[in-house]
Amino acid sequence: SVNPDLASERQMASFSVEKLTAWLDGGAEHTRMRRAVVEAIERDPVFSRENQYFQSQNERYEAAVRKAVHLQEKMHEMGWTENGPEFKYIYRAVSGDIAFLLHRIFMRSISVLGSDKQIAKWMPLATQYQLIGSYAQTELGHGTYLQGLETTAVFDITTQEFILNTPKISAMKWWPGDMGRSATHTVVFAQLYVHGKCYGVHPFIVQIRSLQDHSLCPGITAGDIGPKMNFEHIDNGYLMLQNVRVPRENMLNKFCEVQPDGTYVRWGSQKINYFTMTTVRISLISDEVVIPLMKACTIAIRYSAVRRQSKLKPGEQEAKILDYQTQQEKLLPQLAAAYAFHLTNNYLQELFKKGYSEIQKNNFDRLPELHALSSGFKATITQYCTAAVEICLRACGGHGYSLLSGLPSLYTKILASCIYEGENTILLLQTARFLIKCFMAASAGQPVPPSVTYLAAAKPGKCPAKNKLDFLSPDIYTEAYQHTAFRLISSTAAKLQDLIQSGVKKHDAWNQCTVQLVQAAKAHCHYITVKNFAETVEKLETKAGIQKIMKHLCDLFALHGIFSNTGVFLHDGYISGAQMDMVTALYLDLLAVIRKDAVPLVDAFDFTDKNLNSALGSYDGQVYQRLYEWAQKSPTNKQMSPAYERYLKPLLHNTLSKL
Amino acid sequence: LPMMMVNADLRRERAAATFQPELLTHILDGGAERTRRRKEIEALVINDPDFQHEDLNFLSRSQRYEQAIRKSSLMVMKLREYGIADPEEIYWFKSFVHRGRPEPLDLHLGMFLPTLLTQATPEQQDRFFMPAWNLEIIGTYAQTEMGHGTHLRGLETTATYDPATQEFILNSPTVTSIKWWPGGLGKTSNHAIVLAQLYTQGQCKGLHAFIVPIRQLGTHEPLPGITVGDIGPKFGYDEMDNGYLKMDNFRIPRENMLMKYAQVEPDGTYVKPLSDKLTYGTMVFIRSLIVGDSARSLSRACTIAIRYSAVRHQSELKPGEPEPQILDYQTQQYKLFPLLATAYAFHFVGAYIKDTYRRISGDINEGDLSELPELHALTAGLKAFTSWTANAGIEECRMACGGHGYSRCSGIPDIYVTFTPSCTYEGENTVMMLQTARFLVKSYTQVSSGQQVTGMVSYLNDLSRQRIQPQHVAARTVTVRINDPVSLVEAYKARAARLVEAAAKNLQTELNHRKSKEDAWNRTSVDLVRASEAHCHYVIVKLFTAKLSEISNAAVRAVMTDLCLLYALYGISKNAGDFLQAGILTDAQITQVNQRVKELLAIIRPNAVALVDSFDFHDVHLGSVLGRYDGNVYENMFEWAKKSPLNKTEVHESFHKHLKPMQAKL
């Protein structure tokens with residue numbers, strides 16, 4: 001039975017939850033398909049995550065391998081294929097708790113970087129799991145800065161082989177998933193040397209374990225890198241190579257080749273390859289970042305509607321903690337952010353789809369813009385959502401700290417997204433470089449890409465809002481964001497120029513401005529997010545029922561951003577002190593409005609209880625019973641701890657004589 | 001340590017420092033003699049083979065609990081053997097034994113025994129204290145329930161007095177009333193001090209404390225009527241058996257109610273306690289410990305991140321030159337140095353509260369409670385402010401270490417998961433901020449009605465003067481000197497005054513519109529929290545600034561002045577909106593502040609490593625491969641990884657169980 005405190009929340013909904021779910025999925029038919037996939041997976045006991053919180057690293061790893069193997073059978077049974085429409089829902093259904101994700105990166109890198117001949121040789125083996133692949137790029141000493149990698153591959157003309165080596169400890173491959181225990185092969189990125197000359201980093205297929213008994217190949221040292229904050233189910237690994245020889249044909253050679261005589265040739269454009277790498281950053285936003293935030297919001301908001309604490313009015317029942325303004329101020333902006341970034345993701349997907357078709361026509365004009373957007377948004381969204389999940393965790397007080405709440409695992413997993421696929425600060429600086437370039441171009445009257453046209457049309461002036469309600473106009477707040485982004489970009493560009501003109505070397509000037517550059521890049525992404533949210537809501541006009549609530553969320557997201565960054569908006573007086581008071585008052589009013597729909601708004605994300613795997617966030621709101629039941633299952637309660645016999649007993653009985 | 005073994009980068013960093021780290025260590029410890037004694041105790045523990053064990057990162061929860069219990073029992077015996085009895089020295093000893101982590105006897109030593117001392121009658125002390133001291137009785141303190149934490153009045157456990165048998169009948173009437181979270185309750189303790197609503201003669205007399213036996217002495221089996229166990233895995237606290245406790249008509253003798261203050265007579269007559277302000281004392285004490293803990297946890301994270309950033313080289317700053325230390329990047333300095341300054345600020349705040357508490361606890365014993373309410377209000381806010389800031393700061397340090405920070409070998413994940421619950425326990429932070437706000441609003445109301453207020457809130461007195469001469473606010477704009485800490489204290493003071501006033505006025509407006517006080521309070525609570533934060537921020541800047549004049553060594557004072565300026569200016573930069581909106585600083589001044597922050601980063605850079613060395617964490621205590629004193633990071637990461645449980649066998653059993661069969665099938 002559903003907890004009456006949740007049931008009453010659902011009766012108050014101002015919109016159709018089912019309609020909103022369908023809209024989030026991109027249509028009711030997608031919702032149906034997603035639910036069918038989720039149901040098929042959840043019905044199968046092999047995919048159960050029931051005891052996950054009690055398992056050791058070894059058990060988690062084994063379960064992930066078992067699931068990955070079983071998934072092959074399941075897909076066959078259900079008629080799902082890797083290219084089919086159901087595939088994207090599988091990952092959501094298993095909550096990413098599965099091995100061989102790097103195997104897929106291995107395959108992708110061969111299909112992107114390999115010649116037709118190489119694809120023909122390796123892909124069938126990989127598809128049939130005759131080998132298990134990994135992707136070994138990061139080293140102990142180097143991550144995002146790829147040119148710094150130290151692994152070497154020296155061409156030996158006499159045997160027509162490459163000799164791979166890990167010349168020093170910092171060159172050891174470190175972190176690649178599936179490599180610690182599972183992989184038989186991996187794509188190793190190494191500095192290519194021919195006749196003593198270095199040609200930079202290139203990919204090589206290297207076998208690391210025997211296909212017969214899985215033992216390590218000669219010259220290979222590999223293993224697991226040890227416990228991490230999360231990803232216990234993944235065997236992130238290390239790899240050391242000592243004079244490991246691979247045939248010349250194992251260098252992936254779609255774009256370049258070392259010929260038998262040692263001649264290095266390069267052909268074709270690397271740009272398409274560059275584009276593929278860029279899309280990886282975009283592809284992780286939905287599954288690894290936005291969905292975890294949606295889950296965290298679901299758990300925290302449902303729990304806040306069930307948890308009662310202290311009294312708001314004397315003599316009444318204790319109040320739901322969701323009725324406290326401070327709790328609303330913690331959670332509702334995060335809920336709005338989940339919707340905002342879901343829409344930003346749609347916007348980026350659309351943009352990249354268009355970009356891809358252009359690139360296939362050999363038009364690379366939009367590439368710098370797409371690259372800048374993917375870097376900036378990967379950084380902005382991962383950082384924002386990671387902080388948001390942590391807020392949800394802490395908003396659940398003590399019970400949020402229990403693993404059984406599901407929140408600690410969501411947090412430790414999402415925060416890894418701030419590091420992988422490019423460290424966020426470095427990515428933001430890449431976006432900033434693009435913005436500065438565009439600003440210079442715009443100032444010189446040259447054309448700029450569509451997403452930055454505002455840099456050419458700066459409108460100095462003041463925010464025109466006269467009263468509080470004017471701030472409900474998307475034009476008013478979008479302009480404010482635009483103005484701020486423009487100001488931060490232009491003032492940083494001016495400072496850079498000043499420094500350079502005063503004789504500071506270019507790279508020094510750049511380093512001296514990096515704090516501001518990062519701020520400018522974030523402001524740009526924040527502006528685009530608000531603008532896209534507002535535009536999407538405007539187009540919703542026809543979809544009766546959900547438009548109103550989405551408009552509220554859009555307003556909240558935008559005003560929360562101003563409220564949390566008052567200094568930036570007040571700085572040049574664009575928003576006045578009096579206007580800022582209006583923003584604050586309106587923002588707090590909106591919290592109370594959205595409060596009424598908070599539970600329906602998380603219901604619309606449509607996570608099953610099994611998928612949430614949270615004692616606090618279940619649909620029925622039976623929080624305390626579930627916490628109690630789940631705790632009993634803890635191994636600490638099943639086994640008599642050896643600690644009692646070994647230490648406690650002597651302590652309780654014999655210490656007296658010793659003291 | 002022989003210099004040869006230390007990483008060359010770190011050696012250079014240390015040689016370039018402009019001050020002697022030992023001198024700063026002495027200041028943090030409260031004198032050279034304290035440092036000497038701390039290191040003596042540290043050596044006693046670290047060189048003791050009994051306290052050695054495998055790296056905890058590779059142990060299961062059960063194994064970690066077992067290690068902790070083993071060390072705790074040894075610790076209790078050795079403390080007595082060495083005759084260490086000073087509370088601070090016990091704290092050091094314990095912290096070295098458990099390497100800054102919780103342990104199952106924490107509640108016994110930190111709550112059960114002290115509560116017996118302060119709340120038990122002499123007869124009760126005779127019955128319970130010596131057995132507890134000798135660990136025949138191991139106790140915990142069972143307050144929090146599944147349904148209620150900080151809001152104590154809401155607790156549901158009942159203790160009903162039965163005059164016929166002269167017993168209390170304890171009950172957990174609902175699921176939500178099950179005791180949940182108390183440390184050491186799950187598996188370790190055989191007794192608990194249980195907080196329950198007392199019912200006698202048909203009336204509820206509110207919360208009282210009862211000594212409840214929960215496990216059979218001898219067999220350690222739960223007693224009939226008692227359901228007790230472990231609450232399962234948590235984010236951290238693996239070595240602690242946080243527990244649950246459900247009581248069904250469980251009877252204890254009348255004499256088991258702690259009756260030094262309130263009493264229930266044999267016939268059931270209730271005798272009221274004299275004053276409830278006394279409990280403030282304990283709360284102030286524990287919250288002051290959390291402020292110190294915020295400082296220490298953040299210092300540990302800073303030590304790791306800054307040493308690692310001096311060892312790690314990446315990318316290029318100047319074309320053609322070798323890869324620079326990542327500590328040379330402005331963005332990295334901007335992440336770490338303000339946190340380093342914050343760690344120092346919090347150390348001084350923690351010391352201040354401890355000293356103040358010590359000073360006035362003498363007065364308390366003599367019945368003078370006049371200073372307690374302000375100190376209570378202040379520590380509530382500072383507990384919240386410092387634990388929130390440290391919590392976020394630890395994560396920032398971890399992120400600054402990139403991918404390797406995510407590995408448990410960095411030690412930062414552990415610091416974080418161990419520290420983060422302090423935002424919740426001993427008073428949920430938002431609730432704490434609102435308690436401080438209540439005091440601030442009360443003081444503001446006093447000033448408005450013409451009374452003067454004293455202590456840290458005395459700046460509110462100026463508000464009434466400003467109302468007569470409003471030009472004071474405008475005049476202030478030009479007087480802030482951004483290179484003078486004393487002037488910055490004034491700026492923070494003005495900000496606090498402005499936000500307290502705004503919140504108080506908004507509250508009044510709400511009150512004018514609504515009947516319910518609570519409702520009006522709730523509708524102003526976001527403003528109220530902001531006001532409290534501004535007040536705490538002011539107090540911290542003020543205390544840090546005041547500390548500077550106490551530092552006699554010129555070189556140390558110079559570097560601490562830089563840090564103090566950085567702390568104050570960074571805070572202005574991050575909260576520029578408040579200073580702009582209140583007219584305390586102009587746009588141009590904010591731009592100067594932002595610029596000055598970046599200049600200070602460069603000024604502090606040469607002393608960064610020495611400044612974390614001054615925290616003087618032993619490698620064993622730091623527990624980090626990235627933060628090692630010798631900086632030999634990569635070699636030791638490899639050594640560490642080899643010990644991972646997944647590496648126990650060359651071929652993992654999953655290969656035979658799952659991979660091989662699949663390959664055969666496909």
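Every value quoted in this text rests on a predicted model; they were computed, and no experiment measured them. Residue numbers begin at 1 in each chain, while the letters A, B, ... track the order of the sequences.
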Check whether B:Tyr406 reaches the backbone of A:Thr412 with its side chain - one donor and one acceptor, N or O, closer than 3.5 Å.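 It does hold such a pair.
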[X], part contacting chain A, at a heavy-atom distance under 4.5 Å:
X	result
B:Lys648	neither
B:Leu317	both
B:Arg312	side chain
B:Ser525	both
B:Glu428	side chain
B:Lys643	neither

With a 4.0 Å cut-off on N to O distance, would you call B:Lys335 and A:Glu423 a salt bridge?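 Here B:Lys335 pairs with A:Glu423 in a salt bridge, since their nearest N and O are under 4.0 Å apart.
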Salt-bridged, A:Lys311 to B:Glu518, with N to O below 4.0 Å? no
Who pairs with A:Ala99 by side-chain contact (heavy atoms from CB on, under 4.5 Å), at least two apart in sequence or on another chain?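 Listed in chain order: A:Ala64, A:Val65, A:Ala68, A:Asp178.
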Exercise: identify the closest heavy-atom pair between A:Val69 and B:His658: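 For A:Val69 versus B:His658, the nearest heavy atoms are CG2-O, 4.0 Å.
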Will you find, in the side chains of A:Asn58 and B:Glu653, an N or O donor that is under 3.5 Å from an N or O acceptor?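 Note: A:Asn58 and B:Glu653 side chains miss the donor-acceptor criterion.
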Please step through side chain to side chain donor-acceptor pair (under 3.5 Å) for the pair A:His142 and B:Glu323, ending with a clear verdict. CA-CA 11 Å; A:His142 288 90; B:Glu323 295 181 81; 2.7 Å; yes
